[in-house]
Each structure stands twice: as structure tokens, then as C-alpha cells.
Number of protein chains: 2
Amino acid sequence: MSTNKSVSAKDGGGDGSPPRRPGNAFLLAQLGAHAAARFAERVGQLDLTPAQAGLLRLIAWQPGQSQQAVARTLGTPPSRLVLLVDGLEERGLIERRRNPEDRRHHALYLTAAGTDFMARLATVGAAHEDDICDGLDQRERAQLQELLERLAVRQGLAVGVHPGYRPPAAR
Amino acid sequence: MSTNKSVSAKDGGGDGSPPRRPGNAFLLAQLGAHAAARFAERVGQLDLTPAQAGLLRLIAWQPGQSQQAVARTLGTPPSRLVLLVDGLEERGLIERRRNPEDRRHHALYLTAAGTDFMARLATVGAAHEDDICDGLDQRERAQLQELLERLAVRQGLAVGVHPGYRPPAAR
DNA sequence: TATTGTTATACTCTATAACTATA
DNA sequence: TATAGTTATAGAGTATAACAATA
């Protein structure tokens with residue numbers, strides 16, 4: 001294609017700069033972004049954004065929380081939740097229930113349709129998991145999971161909460 | 001804090017929904033986003049965005065490429081590169097050199113200052129790597145790297161190129 | 001006419017802050 | 001007055017498409 005075909009870029013250019021195999025941190029970021037993109041494609045087929053899928057999962061996991069509580073868990077401003085909740089509520093997957101004791105709170109629950117929908121989401125999630133782990137046998141997958149879990153704990157990451165909700169410099 | 005303290009959310013709510021330990025795909029996305037955020041903080045101290053750092057690294061690795069070629073490698077539109085290159089050129093880290101044979105091409109090179117700067121970037125990168133791998137000994141880090149590399153190859157990811165440059169649905 | 005780099009425009013996403021209703 | 005939720009506004013980042021220079 002180019003008059004200058006130069007080096008193959010596979011194992012280091014000829015001009016001093018080292019080949020530089022990426023370390024674990026880079027590989028994690030690279031694979032993480034890839035996995036997130038693939039997941040976005042998959043849930044997109046269910047007309048869901050990744051953020052919506054995460055919210056749905058959180059509500060299924062801890063129903064009855066107020067939007068403030070959910071926002072705190074996710075580390076996102078409450079105003080952002082409004083649109084997310086709106087979308088899922090319009091589709092009939094979740095519902096806001098006003099707390100009679102304190103009518104300022106809107107507790108979030110899955111509807112019956114939402115509960116059904118979770119099965120489809122789980123199927124998509126399993127397919128995604130299998131796709132990403134392609135090339136590793138069962139023992140290696142367990143081994144990887146054990147290592148990743150330890151890293152996640154060490155880094156103080158909450159179980160099941162994707163940091164994609166947080167601002168760049170938040171904890 | 002709340003009148004409703006409910007379950008501890010650590011090991012499954014009492015209402016049917018399973019605890020659900022995240023799989024490898026989720027852990028990768030979670031740790032990847034976390035690693036990317038931490039990296040952003042670190043290079044931010046060098047007044048660099050992650051995208052700029054990646055571009056700098058690519059230029060150091062394969063100097064003399066045209067902006068079109070770099071854009072193709074990164075999978076990003078050429079128009080986006082212009083601002084990125086502008087910023088790095090204004091800081092004197094890289095330079096555009098017009099090709100006398102075909103004056104439409106601007107080949108990208110590191111300046112002397114840019115070469116010096118790469119050492120600082122490497123230091124930051126090493127500290128980042130060590131931070132992310134905290135809790136794993138040398139053998140485990142190598143083990144993790146071996147597994148991640150195999151996944152990256154299987155997923156068709158280019159060596160050293162972060163997919164953060166690509167649009168959500170690109171390959 | 002085709003290609004490289006640039007500029008202009010529009011769009012999406014998000015956070016901040018003002019607003020309301022309840023307390 | 002304080003808090004939950006909502007709405008309005010503004011900003012950052014990005015892609016698409018028009019443009020100028022060169023071939």
C-alpha cells in the first residue's frame with residue numbers, strides 16, 4: 001500500500017525503540033475495553049445500553065432501594081439516574097413505587113416483565129462470558145478468575161459494580 | 001443512615017435473587033476501567049491525556065508514519081488526530097515533517113525533548129503496572145500475563161494498541 | 001479525479017446547579 | 001431548613017462532512 005513498507009511492526013522497529021510487550025495493567029485495560037465494547041453490542045441487541053443493563057442488574061439484586069441510594073452505590077449523580085430509570089420504566093421493566101411513609105422516596109422494583117427479561121439478560125451475559133474466555137479451558141478460567149478477584153479486592157472495587165458510572169477521578 | 005438497613009448486600013439479598021459472583025468478562029471490564037482511570041490520573045500529572053500518551057507511545061514505537069497511517073492503526077478518524085498531534089507538537093514533544101517527495105504527507109517524529117519525556121512516561125507506566133498488580137507475587141503476575149495475552153490474541157487485539165480509540169461498534 | 005490534512009458542524013453524554021414537593 | 005427527585009443548562013469529547021492543498 002505504501003512506498004515505505006519499513007518494518008513489520010510485530011517485534012520492534014529497527015530504530016532503537018524496544019518492542020515492549022504490554023504488561024498486565026495495559027492488557028487489563030485493553031481487554032477490559034474490548035469486553036465492554038462486545039458487551040455493549042450484545043445488550044444493544046436487547047435495546048439496552050450497558051448502563052441500563054447494570055442498573056437493571058442492581059435493582060434485581062437489591063430491590064426497593066431509593067434512587068439516592070442507588071446513585072450512591074453506583075457513584076453517579078442522581079440526575080443521571082433519572083433518565084436511566086425513565087427509559088427502563090417506559091419499557092415496563094421496572095417501576096417507581098412511592099414510599100407512603102416518606103413520599104419523597106421513590107423505591108425501585110422490577111416488574112413481572114422485568115423479572116422475565118432478566119433471564120434473557122442472563123443468557124446474553126453467559127454467551128458474553130464464554131466468548132471472552134474463548135481459548136481457555138475450565139481450569140484456566142478458574143485460575144484467571146481467582147487472580148482477577150484478588151486484584152479487584154486489593155484495588156477496593158465493589159462486587160458487581162462497574163466503575164463506568166464514576167467520574168474519572170472518583171474513588 | 002437509613003431506616004431500612006435490610007441485607008448486607010455482600011452475599012445475596014434474601015429475596016430470591018442469587019448472589020452472583022461476577023465472571024471473568026465482568027471482572028476484566030471492571031478492572032480494565034479501573035486501571036484506565038488510574039492511568040489517566042497518573043499521566044494527568046504529566047499533563048497528558050491517555051489518548052495523548054498512547055499516541056506518543058505509538059510514535060516512539062513507529063516513527064515517521066503519516067497521520068493517515070497512524071489513524072488507521074489506532075482505528076480513529078484522522079480528524080481526531082489533528083487535535084491530538086497539535087497538543088503534543090505545541091509542547092515540543094513531537095513534530096510534523098513534511099515529506100518532500102509527496103508534500104501532502106506529514107510524517108510524525110519525536111523531538112529530542114519528546115525522547116527525554118518518554119523516560120518519564122516509562123517511569124509512570126512502571127509505577128502504574130506495579131500498583132495494579134499489587135497483591136500478586138512475581139510468579140502470579142507472569143501467570144496472569146500469560147493468560148491475558150492468550151485472550152488478547154484470541155480476541156484479535158493488536159499488540160500495544162488500546163481500543164479506546166475505536167468507535168463502540170468497530171472491529 | 002483522488003488523497004492528505006484541516007476545519008466546521010452537529011451530536012451524545014455527562015455533570016452542575018436551579019427548581020419542586022415533601023418533610 | 002433539609003432532603004428526594006426532577007429539570008435546565010453548559011461543557012467535554014467525538015464523529016461526519018465540507019474544505020484547501022497537493023498529486
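Each chain gets a letter, A, B and so on, in the order the sequences are listed, and its residues count up from 1.
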Contact pattern, 5' to 3', of nucleotides 5-10 of chain C - B, S or - by protein heavy atom under 4.0 Å: BBB---

Roughly, in whole Å, what's the span from [atom1] in [X] to [atom2] in [N]?
X        : N      : atom1 : atom2 : result
A/Glu89  : D/dG5  : CD    : C1'   : 13 Å
B/Leu74  : D/dA15 : CG    : P     : 11 Å
A/Glu101 : C/dT22 : CD    : P     : 17 Å

Salt bridge present between A/Glu95 and A/Arg97 (N-O < 4.0 angstrom):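 Salt bridge flag = yes for A/Arg97 with A/Glu95.
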
Full working for salt bridge (charged side-chain N to carboxylate O under 4.0 Å, His left out) between B/Arg96 and B/Asp86: CA-CA 9 Å; B/Arg96 292 170 163 102; B/Asp86 281 352; 3.0 Å; yes

Under a 3.5 Å distance rule, please check whether [X] uses its side chain to pair with a backbone N or O of [Y] as donor and acceptor.
X        : Y        : answer
B/Thr111 : B/Leu93  : yes
B/Arg42  : B/Val124 : no
B/Glu140 : B/Asp137 : yes

Helical bend (five base pairs per end, nearest 10°) for the helix from C/dT1-D/dA23 to C/dA23-D/dT1: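 So the angle between the two local helix axes works out to 20°.
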
5'-most by nearest nucleotide on DNA chain D - A/Asp102 or B/Arg98: A/Asp102

Nearest heavy-atom neighbours spanning B/Asn24 and A/Arg141: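 Looking at all heavy atoms of both residues, the closest pair is ND2-O, 3.1 Å.
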
